Amino acid sequence: MKLVHAADLHLDSALHGLSRYESAPVDEIRGATRRAFGNLVSLCLDEKAALLVIAGDLFDGDWRDVSTGLFFANGLSKLCQAGVKVVWIRGNHDAVSQIRRSVRLPEAVVELSADRAETRVFEDLGVAVHGRSFARRDVTEDLAASYPERIAGALNVGLLHTALEGRAGHDRYAPTRVETLVARGYEYWALGHVHQREVVAREPYVVFPGNLQGRHARELGEKGATLVSFEGDRISAVEARALDAVRWAELALPVEHAQHLDDVLSAAQLALGRAVEAAQGRLLAFRVLLSGPSALDAQLRAQRERLTEELCSLSYAAGGAGAWLEKLVVRTTALERAPMLGDDALAEIDRALDELLQHDAPGGSMLEELGELAKKLPSEVLELVPELRALTPQLASELGGDVRSLLRERLTLGEGAA
Amino acid sequence: VKFRRLGLDAYGPFTGGVLDFTRLRGNGLHLVYGPNEAGKSSALRAIRDLLFGIPLVTPDAHLHPGPALRLSAVLEREGEELAFVRRKKRKDSLSSPDDKPLEEARLARFLNGLDAASFDRLFGLDHERLQRGGDEMLSGQGDVGEALFDAGASGRSVHRVKLQLLEEADALFKDRAQKPELNRLLALYADQKRRAKDAQHSPEKYEEQQEGVRKTRSELEACRAELSRLRAEKEHLSRLKNVLSSVAARDRGYAERKALGDVPSLRRDTGERREQLSANVAEAERDAARLERQLAEHSARLGRLPAASRLLELLPDTVRALNTRIGRAEKDILDLPKRQTEARALREAIERELPRLGLGQDLQSVTARSLPVGEQARLQELGRRYQGVQLQVEGAERELPDARAKLEAITQLLAQAQGARRIARDALLPAELFERYDAELGRAEEGVEQLEQRLRQDERERAELLHQLEQLKGQRGVPSEALVAKARQDRDARLREAQELAADPKRKALELSLPLAALAQAQSHADALADRLRSEAQRVADAELLEQQLGKLEREHQRRREQLATARATLQEVSGRWQRIAASLSGADLLPREAARLLEVEREGWREAARAEQEQARARAALSAAEARAESSRQALAEWQKQWGAAVAPLGLGAGAGPEQVLALLGALSELSMQRQKLEDLQGRVTGIQRDIDQFAAQVREQTEAYAPELTSLPPPEAALRLVELHRKAVDVAAERAAIEAELARVQAELEEAKARAAADAAALAQLCHEAGVADAAALLELEQRVERARALDAELGQLDLHLAEVCEGEQVDALVGEARRSDKAVVAARLAELDDLIQLREEESRELERELTRLHMGLEVYVGREGADAAQELSATVARLAELASVWTRRRLAAVVLERVVEAYRGRHHGPVLARASELFSRLTLGRFSRLQVGLEEARLECVEAGSGKGLELEELSRGTRFQLYLALKLASLEQYLTTAPPLPLVLDDVLVEWDDARARVALEVLAELSERTQILLFTHLARDVAAAEELADSRIFTHHLVPRAPGVESPREMLR
């Protein structure tokens, strides 16, 4: 018999950071989370799964479009008609979601209580599902500690929305320890909340399936659900199934040996080819990250836009279902040379930059210069251009490096160096 | 740091070339002299490649292949030496002279950590960069800070770079603009944000809609329940209303039936049979009475008819034959006397006419003279032709005298015309000939005149050119390309000689000095000639051009003179030919045009004579034709007379008889024949009529005597008429008698049959009454009516009961009947009307609710789409693009701001010392024409103070050359400033003095020699002038190197000295 474990659907959540350029595959990117959910429904039907458990976070908490809920309900109806049982708990997002309250799910879908942990036994399947929904967004107590006793003879599944003892990039809700979970004696812990897939333990199984669809450049690689095969109360297989409609990838390219921008592009083309292949016919959203000490450091920074255009052209010719360049990140460093001696006119640039950036407090002179734009940008844009809000030392050094490179390139272009 | 040695081991055109910098004790100003062909640019590139690596693609791998390229050097810094070799390799291209790898960083430390670009900027300067530096100072409009910075950085104009950055930033974003990309995107963002919000379907609205559906549905259900209750009541009342009237009728029916009591059962057709039989008896009795009346009538008519007659024996055919002949007999009797009178009158008329013809009294013989029809026609034809022939003869004889007179007159006219002509007809020449000669003579004369004029003009031009050339040549002589080529040959010969000597290991250095000196002299001579050739090239070119023009002019002049001679000969030949023609015409000396006019007059006269000749021929022909016509008409008349005589002979007339006489006789003969024929016809008809009358009389008498003797005495036609009438009457009476007798027999039979029918039906009727138990037909009728009524009532009541059962549709009939007996019809009708209204009201309400429900359900469908998510995705793309461009804009804008500050800071730091030093250098480099540099009072602009006037000139006011000098002064001052902050590096200059005059070049060398005390200077030049100037200076800080490329396989000379 089989059950499917999914979490963090975040239906209709937008895919972020994909700035539009001329050849960008705009239409293909739409509805990615819906298509991923469609893939989940198909997985249940194709595998003839008896049960689908969802460990919370169906929609973004602040998302207020009821169509999303209706789409979800419609998908679940298909499963109910096919006789698939569905059990789910509310996660932190669902606790505050208006849509969740407004849309009625099919009668057969079981939502576990938020008041206390409860158990739902499916006699015909020999499965007992234990779980508890989030009553509010910031649940900080250990919910797992109060989960019911194991039911003998059945496959016991614990459904829980948690960050365990904390996971990078995730709020520490319903914290608990693996030991606490193991102590309950269940055969399988179906967790949710953490977007990165992780098999935390195997005896018993403690699994984060990850979210269904990556939504930005930090949610990389395969995304999907976990397929669990079992006989009686024994689990025979636990497999990850990729269900995402758009695949996110980061092409990290060390460019120490590149002598010329063309070398960098060749490396990017190669890496892009591999990523497209790995995406197995999905649309690819990719970031290019250039790093390492490089003779081209200044050139890469100064000619970032040109390079970005070239990469867009590459993406256009990438094949597969298409590819969308999310961003080019230049994090190279200049080659270590003997320190430059002497005080020439260009050295004055470094001095001026240091002065401008290091002594720039909030409301300082640099922000004043750039304020006319900063004032106009919406906050969600400013979040992506933090140097326009306040300069941390790291931002200052990045910005300084870019401006220095730009000025040196412009002032000396055509003078000797290729 | 300075070079001690530079080895061009295998590089460009060099093989084993060496520049030895140890000849001078200090840093030195090293003049590296090499004409452009000698590989000067390769040597220059070698320095850069040596220090920073040979690029993958190099122009210097032509003689030696890439992997074989090799450069070597010895550098010295504060007593420390670094010897190294550079090869063309991707990695580890640096090594020690014994081929051990050498770290790049080691060399970099010697070079103050400068990279290739910085080294080029700070320590490299060539002719082109000097010019560009000078020109670009203008772009900053003389701003001191920018000028100083540009000289210090030696890159692109800081002013231009700043402007470009600002432009790029503005193209992305500008406060209060719309077009820049970011402004556009911000507007798009606002729009998309709003649309994204609109595209979302809020949960509140959705719930509201759901609630609406629930409420409407329950209202609809309530309404439908009420409606069905009302409809049930209406149905019951409708039924009640339906039975109300039936119940009353039913009650009445049952009462009447009861009153009728029991009735016997009669055969269904009893009534019918009774009626039938009674009717039959009455009808048979009526028929019998009618028939007896008819019998009496027919017997009376028979008694009234007459007895039968004998005439019935007469045969019908005989009667018919008589009857048809009666009319003709009456007519014949009247006609006979009229025909007899007609015949008599005709005979008398013929007998009177005969003697007038004069051909005898016998009618038979006279009519025999008459001609057959063909002969008559021929006579008539000949008569008609006679008049035509007569007219022809007369006309022809009138024509003849006129034709003769006309011929005479024309012959005289012709003789006059021919007598007046001066030139014979066959001596006339064509008009084109004169036109041709006229044109040909004109052309020849004009050609001669034009050529003479052109020749005079040529003379004038030639004099002018000779004058110009003399002026040019009068100045000093001009060197030619040939002279330069010769000087170069000389130089090359000496070079070969020196090389051969140098290659010979046995020769001593001293032996070399002489040929080397000669080589140097030959080389400088060749260079001097070449330089002069270039500077005076324009004059040489002008002189050559003039010579060329003169030569061309003379060639053309000669050609034109030859053309004139030809033109004159042509003129003479043409006029000779013409004069011969003119003489042949009239002997007089005529021009072609006059001759043409004379000829025209003669030609017109000859044309008139020709016209008269034609007229004469025509008149002659007309006379002959008239004579011929007169002869032929006479012959025609004789022929006609012969034919006429022959034609009239059979008539017995002589040939003298005229046509009119003959034709009249023919007419009279024909008339006489016709009358004779008519008389014979009349006599035949009289005889026939008499015979018919006699036959008819005999027939009539025979019949009257046999059947009606009383008619015998009457004339035959009348007797016949009466006999026929009597016979017809007798036949009619016989027919009538036979008809009456047949009718009597038929009536008798019918009467008997009617009597029998009456008796049979009366018996049957009596039997029927007996069966019903009644006495007679009247009693039977009364019984029948009672039975019928009882039956009708039974049927009616059964029908009513059935109807009630149907109407009740399951309700208890008795209950409904009871209710009906109690109900008032008006009350029921009123309630029914009320129910109709209520039902209609509820139905409308229900339909309205159904519509509302549909509308609400449709409203829910809009919640199914994906527009909200798509709009959010769009918005996210715009946010990303905004961030991307904001980041670009930030960097551009910041770079511009930084640049502004950099220039300010640099000026603040270096303004004093650098400007002071540059001021001094500039004054020297301009040979004191400018005394110093100063900063203008307004806007901190750089000004150059003229020594004489003390006036400050702005940069735009300087000549281009002066600007180059200013730039060099600033550049050298900046370099000196840099050298106060870092160890010195060799300064590499390339052809910087190319466009400087000798005096300024000498000063520049002096200045550089001074600078060489602070750092080594390598000055590459292709100008022998620079070498000469250095020699003149005889400065111990200056050393000259000569570049000589060397083919591989030949050992290179050591440093070549002068």
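Numbers restart at 1 for each chain; the letters A, B, ... are given by sequence-line order, proteins then strands. Bear in mind the structure is a predicted one, so any value in this text is a computation, not a measurement.
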With no hydrogens and no angle check, do the side chains of B:Tyr206 and A:Gln98 hold a donor and an acceptor under 3.5 Å apart? no
Does the pair A:Arg64 and B:His201 meet the rule for a side-chain contact (heavy atoms from CB on, under 4.5 Å), with working shown? CA-CA 7 Å; A:Arg64 286 179 46 81; B:His201 301 294; over 6 Å; no
Under a 4.5 Å heavy-atom cut-off, does chain A meet the side chain of [X], its backbone, both or neither?
| X | value |
| --- | --- |
| B:Tyr189 | side chain |
| B:Val158 | both |
| B:Val879 | both |
| B:Ala199 | backbone |
| B:Pro55 | neither |
| B:Ser974 | neither |
| B:Leu111 | neither |

Could you tell me which of [options] has the largest number of non-hydrogen atom pairs under 4.5 Å with chain A?
| options | value |
| --- | --- |
| B:Glu904, B:Glu874, B:Arg176 | B:Glu874 |
| B:Gly152, B:Ala872, B:Ala877 | B:Ala877 |
| B:Thr878, B:Leu885, B:Leu165, B:Leu975 | B:Leu165 |
| B:Ala151, B:Ala169, B:Gly868, B:Ala190 | B:Gly868 |
| B:Ala880, B:Ser118, B:Ala886, B:Ala982 | B:Ala880 |
| B:Glu867, B:Arg106, B:Gln873, B:Glu104 | B:Gln873 |

What's the separation between atom [atom1] in [X] and atom [atom2] in [Y], rounded to the nearest 0.5 Å?
| X | Y | atom1 | atom2 | value |
| --- | --- | --- | --- | --- |
| B:Gln200 | A:Ile99 | CD | CD1 | 8.0 Å |
| B:Leu882 | A:Leu377 | CG | CG | 6.5 Å |
| B:Phe149 | A:Ile349 | CZ | CD1 | 5.0 Å |
| A:Leu406 | B:Arg892 | CG | CZ | 5.5 Å |
| A:Leu411 | B:Leu899 | CG | CG | 5.5 Å |
| B:Glu168 | A:Arg410 | CD | CZ | 4.0 Å |

Shortest non-hydrogen contact from [X] toward [Y]:
| X | Y | value |
| --- | --- | --- |
| A:Asp65 | B:Ala869 | OD2-N, 4.2 Å |
| B:Ala883 | A:Leu384 | CB-CB, 3.5 Å |
| A:Arg20 | B:Arg881 | O-CD, 3.7 Å |

When you measure from the side chain of A:Ser67 to the backbone N and O of B:Tyr863, does any donor-acceptor pair fall under 3.5 Å? yes
Between the main-chain N or O of A:Leu15 and the side-chain N or O of B:Ser876, is there a donor-acceptor pair closer than 3.5 Å? yes
Is it the case that more than 12 heavy atoms not belonging to [X] sit under 6.0 Å from its [atom1] atom?
| X | atom1 | answer |
| --- | --- | --- |
| A:Arg331 | CZ | no |
| A:Arg218 | CZ | no |
| B:Glu128 | CD | no |
| B:His857 | NE2 | yes |
| B:Arg214 | CZ | yes |

Is any side-chain N of the basic residue among [X] and [Y] closer than 4.0 Å to the acidic one's carboxylate O?
| X | Y | answer |
| --- | --- | --- |
| B:Arg156 | A:Glu409 | no |
| A:Arg101 | B:Glu204 | no |
| A:Lys376 | B:Asp175 | yes |
| A:Glu348 | B:Arg909 | yes |
| A:Lys327 | B:Glu884 | no |
| B:Arg891 | A:Glu305 | no |

Hey, are the side chains of [X] and [Y] touching, using non-hydrogen atoms and a 4.5 Å cut-off?
| X | Y | result |
| --- | --- | --- |
| A:Arg100 | B:Pro203 | no |
| B:Lys193 | A:Glu380 | yes |
| B:Leu56 | A:Gln259 | no |

Between [X] and chain B, which part of the residue has a heavy atom less than 4.5 Å away: side chain, backbone, both or neither?
| X | answer |
| --- | --- |
| A:Leu407 | side chain |
| A:Glu383 | neither |
| A:Arg404 | neither |

With chain B, the option among A:Leu346, A:Asp12, A:Leu382 that has the most non-hydrogen atom pairs under 4.5 Å is A:Leu346
Option that, when pairs with chain B are counted at under 4.5 Å, heavy atom only, ranks first among A:Ala352, A:Pro378, A:Gly69, A:Gly17: A:Pro378
Is there a salt bridge (Lys or Arg N to Asp or Glu O under 4.0 Å) between A:Arg104 and B:Glu207? Walk through the geometry before answering. CA-CA 10 Å; A:Arg104 281 181 49 162; B:Glu207 279 168 28; over 6 Å; no
